[in-house]
> 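Sharing a structure here in structure tokens format.
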Amino acid sequence: MKQLIAAMSLAVTVLFANYVLANTNTQEITKVAAEASTKLRLNQASVEQLTAVPGLGQVKAQAVVDHIAEHGAIKSEAELTKVKGIGEKLAARVAQYVSFD
């Protein structure tokens with residue numbers, strides 16, 4: 001009888017562990033997908049949308065839009081540093097929130 005109870009306890013523990021692990025992986029995948037879909041498309045964004053990006057105020061957001069209008073699409077974080085007032089540190093911060101497509 002003790003063996004039966006021990007076996008049942010082990011089975012319940014294994015099933016519960018599988019359930020928890022399955023939900024954790026699903027949540028991580030969902031989080032990654034959500035982050036990818038919520039990035040602002042830099043080259044199509046308006047000044048108002050860009051001001052919502054941490055580190056970009058009205059002036060720098062306008063500089064980004066003006067730079068894109070004059071020089072074409074910004075395709076990378078490195079190209080973002082060519083915008084007046086945006087250095088490497090700010091470009092790295094902004095790149096977390098935007099896509100360059």
Side-chain angles (χ1 to χ4, degrees):
M1 185 67 159
K2 289 181 184 180
Q3 290 177 340
L4 179 62
I5 292 172
M8 297 275 290
S9 296
L10 183 60
V12 169
T13 303
V14 169
L15 289 173
F16 181 72
N18 281 337
Y19 173 77
V20 169
L21 289 173
N23 282 340
T24 301
N25 291 339
T26 302
Q27 289 171 351
E28 289 174 7
I29 291 168
T30 303
K31 182 180 176 185
V32 169
E35 287 176 359
S37 68
T38 59
K39 285 192 172 191
L40 179 64
R41 296 177 73 189
L42 180 76
N43 294 298
Q44 286 77 33
S46 66
V47 173
E48 292 78 23
Q49 291 170 319
L50 288 171
T51 57
V53 174
L56 291 183
Q58 182 75 24
V59 173
K60 289 183 180 152
Q62 185 64 56
V64 170
V65 170
D66 292 344
H67 183 86
I68 292 168
E70 187 175 335
H71 301 285
I74 297 172
K75 296 183 175 112
S76 68
E77 182 181 322
E79 284 186 30
L80 186 57
T81 63
K82 294 179 182 177
V83 176
K84 184 178 181 179
I86 298 181
E88 289 180 15
K89 288 182 182 178
L90 181 55
R93 185 174 178 196
V94 169
Q96 297 174 36
Y97 301 99
V98 300
S99 65
F100 298 98
D101 54 353

> Do you know the tightest heavy-atom contact between D101 and N43?
O-ND2, 3.7 Å

> Might you point out which heavy atoms bring V64 and V83 nearest each other, and give the distance in Å?
N-CG1, 3.8 Å

> So which atom in Q44 and which in Q49 form the shortest heavy-atom distance, rounded to 0.1 Å?
O-OE1, 4.2 Å

> State, to 0.1 Å, how close P54 and R93 come at their nearest heavy-atom pair, and which atoms those are.
CB-NH2, 3.7 Å

> Quick check for you: to the nearest 0.5 Å, what is the distance between E79 atom CD and F100 atom CZ?
9.0 Å

> A side-chain contact here means heavy atoms from C-beta on lying under 4.5 Å apart; do Y97 and L40 qualify?
no

> Could you measure the distance from the CG atom of L50 to the CD1 atom of I68? Nearest 0.5 Å is fine.
7.0 Å

> Hey, what do you get for CD (E77) to CG (L42), rounding to the nearest 0.5 Å?
11.5 Å

> Atom CG in L80, atom CD1 in I86: separation rounded to 0.5 Å?
4.5 Å

> How close do H67 and K82 get, heavy atom to heavy atom, and via which atoms?
CE1-O, 3.9 Å

> Kindly give the heavy-atom pair with the smallest separation between A63 and K84, and that separation in Å.
CB-O, 3.9 Å

> Does some side-chain heavy atom of T51 sit less than 4.5 Å from a side-chain heavy atom of Q58?
yes

> For side chain to side chain contact (heavy atoms under 4.5 Å, CB included), just list the numbers for K39 and V98, CA-CA rounded to whole Å, side-chain angles, deciding distance to a tenth of an Å, and then say yes or no.
CA-CA 5 Å; K39 285 192 172 191; V98 300; 5.8 Å; no

> Check the surroundings of atom CD in Q96: do more than 12 heavy atoms from other residues, nucleotides or ligands lie under 6.0 Å from it?
yes

